[in-house]
Amino acid sequence: MAFVASLLIIVVLLDRKPRLKEAYGCIAIALISLIGAYTAGSCRETDTTIYVISLVGAVLAFIIFLQAVIYFKEKVPIVGKFIDDIRAACFWAKIKDLHKSVSGRLQRAVSRTPSLRAINSRKAADKASSLVLLLATLAAAITYQAGLDPPGGVWPDNGQGHMAVDPILLTTNPGRYKAFFYCNSVAFVASLVAIILVQNKLLLETHVLEAAMVLDLFGLIGAYAAGSCRDVSTSIYAMALAGGVLVYVVIHLVFFTLDHTDTITPQEIEIVEKRRKRLLLFAVLAATVTYQAGLTPPGGFRLHDDGSGGYQAGDPVLLNNFPCRYTAFFYCNSVSFMLSITLIILLVNPHLYRPAIRSYALAICTAVGMFGLMGAYAAGSTQHLKTSIYIFALVVVVLLVIAALFLLFLNKNRNTSSQLKPENGEDDKKTTYAKQKYLMLLGILVPSVTYQAGLDPPGGAWQHSSEWYDAGNPVMHDNRRPRYLAFFYSNSTSFVASIVVIIILLLEWKDKKKRSLTLRVLSTTIVLDLLALLVAYAAGSSRGWKTSVYVVALIIAVLAYIAIHVILAFLCSHHDDSSQPPANPPPIQEEANGGNQA
């Protein structure tokens with residue numbers, strides 16, 4: 001119900017004049033359905049179900065109580081005096097005085113700082129608010145999930161020194177688990193506090209929340225280093241990757257600024273800010289998928305100790321069966337994660353990211369992060385070397401397809417070059433930027449879903465080895481091999497094509513014609529990318545070919561619906577044009593009438 005209501009909200013908002021009443025009604029239905037789904041899925045007893053449902057009434061009662069308190073405080077003097085006395089008894093007055101003192105000092109600091117008295121201070125505050133909200137939402141989402149599903153898994157039953165659903169890592173390595181838990185919890189709490197205080201303009205102008213989010217990101221680094229590996233040396237190596245990225249960026253900037261002036265024009269600032277948005281979008285989503293993949297690696301975890309096999313509960317299955325492949329996955333994933341976090345930290349300060357973007361230091365880091373994602377996908381999504389080679393061969397295939405499309409559109413442009421309309425500079429810039437942003441958004445969202453689907457394929461992985469299969473291999477690979485191959489290669493094609501599209505979008509094309517042609521080629525590539533994603537969904541979401549045919553039939557039905565809608569819109573517009581009388585009579589007829597009158 002919530003899913004259908006969400007789709008209806010999107011349909012309503014697509015209208016040029018959206019009907020707000022219908023939209024709000026669908027939102028209410030979606031929220032109520034979410035509460036019902038949460039209640040049905042999270043509770044196993046009747047009393048807990050009643051408790052969750054009663055929370056809705058409790059929250060509404062609390063809101064009504066607060067409204068009543070505010071109303072009676074303003075209207076009834078006795079109630080207002082009583083509330084003030086309670087606040088004074090609860091040290092509320094001291095807290096309020098402390099708040100006034102701190103706010104006054106911050107306000108004086110802001111008024112004494114010349115850079116904060118700029119004309120566009122409000123615009124800078126809005127940009128900082130968007131940045132803090134984006135980072136806080138990212139950190140809150142991934143740390144909440146990681147806290148509920150800790151690395152190493154949970155015990156399936158009771159045993160010596162532990163109980164069922166206790167974290168395995170807490171029993172086998174309590175120091176490492178506590179380091180992960182506290183770093184993850186600090187990042188989660190800091191994110192929630194930042195989300196609550198993000199509307200405070202004073203905190204934004206003094207960059208307090210941005211500094212808190214940098215600390216939040218360092219908490220993510222500590223949690224990743226503690227939870228993604230089981231020995232101290234590997235954790236040190238993982239954290240050293242972030243330092244290595246910072247050292248590289250500093251060295252790159254030093255050589256870039258040797259023969260470069262410090263002046264930057266407003267046009268260059270606008271271009272840098274647009275590129276910063278694209279880089280930040282990639283870094284946020286890459287950090288999300290790599291953080292989750294590092295804490296819950298492909299193949300899952302061992303749930304029991306095995307002294308003869310030489311592994312403990314909580315160890316990754318892939319580490320024992322395929323140590324080289326797991327090592328390749330871990331370091332590629334860690335490189336991409338640390339690069340993403342470092343990019344986010346650098347993109348906070350304009351004094352750092354402006355020269356770094358102009359010198360292409362951050363673009364190089366982003367490209368390396370993309371190849372790290374590709375290497376982690378190739379190592380973690382399959383247990384066979386030949387299949388990993390096929391994944392890298394897909395890069396060459398995608399590049400050949402893009403080259404063929406480029407030549408095709410180039411010849412088409414040559415044939416129609418005489419019919420092209422003159423360019424409008426400002427409108428063309430806005431259209432080009434909007435198209436780049438659209439392609440970058442799709443190019444980033446597709447890898448975020450295909451990366452996780454490739455590492456954790458549908459049907460799960462075997463937990464124990466036998467003569468027919470190895471632990472960590474996908475179950476569907478051995479039970480339904482043709483269907484798994486269809487899913488795997490379609491998913492891999494979509495993932496690789498998206499990575500290539502993002503890397504090409506990071507390049508700057510000075511020639512307007514080449515840039516326009518490149519965007520057309522990438523738009524076609526994204527369409528083919530989404531078709532491959534659709535095939536992967538049809539193959540992986542069902543276990544019978546009949547159900548997959550239904551998915552294809554749904555595509556045809558949706559296309560038919562769109563075609564009917566386009567035809568109806570065309571017929572209506574044609575009917576409106578034919579029904580309107582001409583506004584003015586032809587000038588020749590006027591001259592003729594004038595001549596007859598004369």
Quiz item: Can you name the closest pair of heavy atoms from Ala539 and Ala486 and give their distance?
Solution: CB-CB, 4.0 Å
Self-check item: Non-hydrogen side-chain atoms of Val245 and Ile341 separated by less than 4.5 Å
Solution: no
Quiz prompt | Arg176 (side chain) donor-acceptor with Leu170 (main chain) under 3.5 angstrom | solution = no
Quiz item: Given the rule in the side-chain contact (heavy atoms from CB on, under 4.5 Å) test, do Arg275 and Tyr360 qualify, once you have shown the distances and angles that lead to the verdict?
Solution: CA-CA 10 Å; Arg275 293 173 62 186; Tyr360 294 98; 3.3 Å; yes
Quiz item: Are Asn333 and Thr290 linked by a side-chain donor-acceptor pair shorter than 3.5 Å?
Solution: no
Quiz prompt | Side-chain heavy-atom pair Val317, Phe301 within 4.5 angstrom cut-off | solution = no
Quiz item: Would you say Ile499 and Phe495 make side-chain contact, with heavy atoms under 4.5 Å?
Solution: yes
Exercise. Mark yes or no for whether Ser388, through its side chain, and Ala378, through its backbone, hold a donor-acceptor pair below 3.5 Å.
Key: yes
Quiz item: Rounded to the nearest 0.5 Å, how far does CG of Asp315 lie from CG of Asn173?
Solution: 10.0 Å
Quiz item: Is it the case that more than 12 heavy atoms not belonging to Tyr237 sit under 6.0 Å from its OH atom?
Solution: no
Self-check item: Validation row: Met370, Phe282 side chains within 4.5 angstrom (heavy atoms)
Solution: yes
Quiz item: Within a strict 4.5 Å, meaning less than it, do heavy atoms of the Ser492 and Tyr377 side chains meet?
Solution: yes
Practice problem: Give a yes or no on whether the backbone of Arg230 and the side-chain of Thr234 come within a donor-acceptor separation of less than 3.5 Å. | Solution: no
Practice problem: Drop me the distance from Ser228's OG to Leu295's CG, to the nearest 0.5 angstrom. | Solution: 6.5 Å
Quiz item: Can you name the nearest heavy-atom pair linking Gly380 to Pro298, along with the distance?
Solution: O-CB, 3.3 Å
Practice problem: Return the minimal non-hydrogen interatomic distance between Ala223 and Phe180, and the atom names on each side. | Solution: O-CD1, 3.4 Å
Quiz item: If we only count heavy atoms from C-beta on, is the Ile142 to Leu220 side-chain gap below 4.5 Å?
Solution: yes
Quiz item: What distance separates Cys365 SG from Leu339 CG, expressed to the nearest 0.5 Å?
Solution: 5.5 Å
Quiz item: Would you find a donor on one side and an acceptor on the other, under 3.5 Å apart, between the side chain of Asp529 and the backbone of Ala497?
Solution: no
Quiz item: Which heavy atom of Tyr291 sits nearest a heavy atom of Ala146, and at what distance?
Solution: CE2-CB, 3.9 Å
Quiz item: So, does Thr327 use its side chain to make a donor-acceptor pair with the main chain of Pro323 at under 3.5 Å?
Solution: yes
Exercise. Heavy atoms only: give me the nearest Pro316-Tyr326 pair and the separation to one decimal.
Key: CG-OH, 3.5 Å
Quiz prompt | Interatomic distance, Ser494 atom OG to Leu394 atom CG [nearest 0.5 angstrom] | solution = 11.0 Å
Quiz item: Under 3.5 Å, is there a donor-acceptor pair between the Tyr224 and Asn184 side chains?
Solution: no
Exercise. Please answer whether the main-chain N or O of Leu318 pairs with a side-chain N or O of Arg325 as donor and acceptor at a distance below 3.5 Å.
Key: no
Practice problem: Keeping the roles fixed (side chain from Arg483, backbone from Met476), state whether a donor-acceptor pair exists under 3.5 Å. | Solution: no
Quiz item: Looking only at heavy atoms, what is the nearest atom pair of Ser381 and Tyr484, with distance?
Solution: O-OH, 3.5 Å
Quiz prompt | Contact check, side chains of Val500 and Ile504, non-hydrogen atoms, under 4.5 Å | solution = yes
Practice problem: Please report the C-alpha distance between Ser191 and Asp216 in whole Å, then the side-chain angles of each, then the deciding distance to 0.1 Å, and finally whether the side-chain hydrogen bond (donor to acceptor under 3.5 Å, both in side chains) criterion is met. | Solution: CA-CA 7 Å; Ser191 302; Asp216 187 356; 2.5 Å; yes
Quiz item: Just by distance, do the side chain of Ser336 and the backbone of Cys332 share a donor-acceptor pair under 3.5 Å?
Solution: no
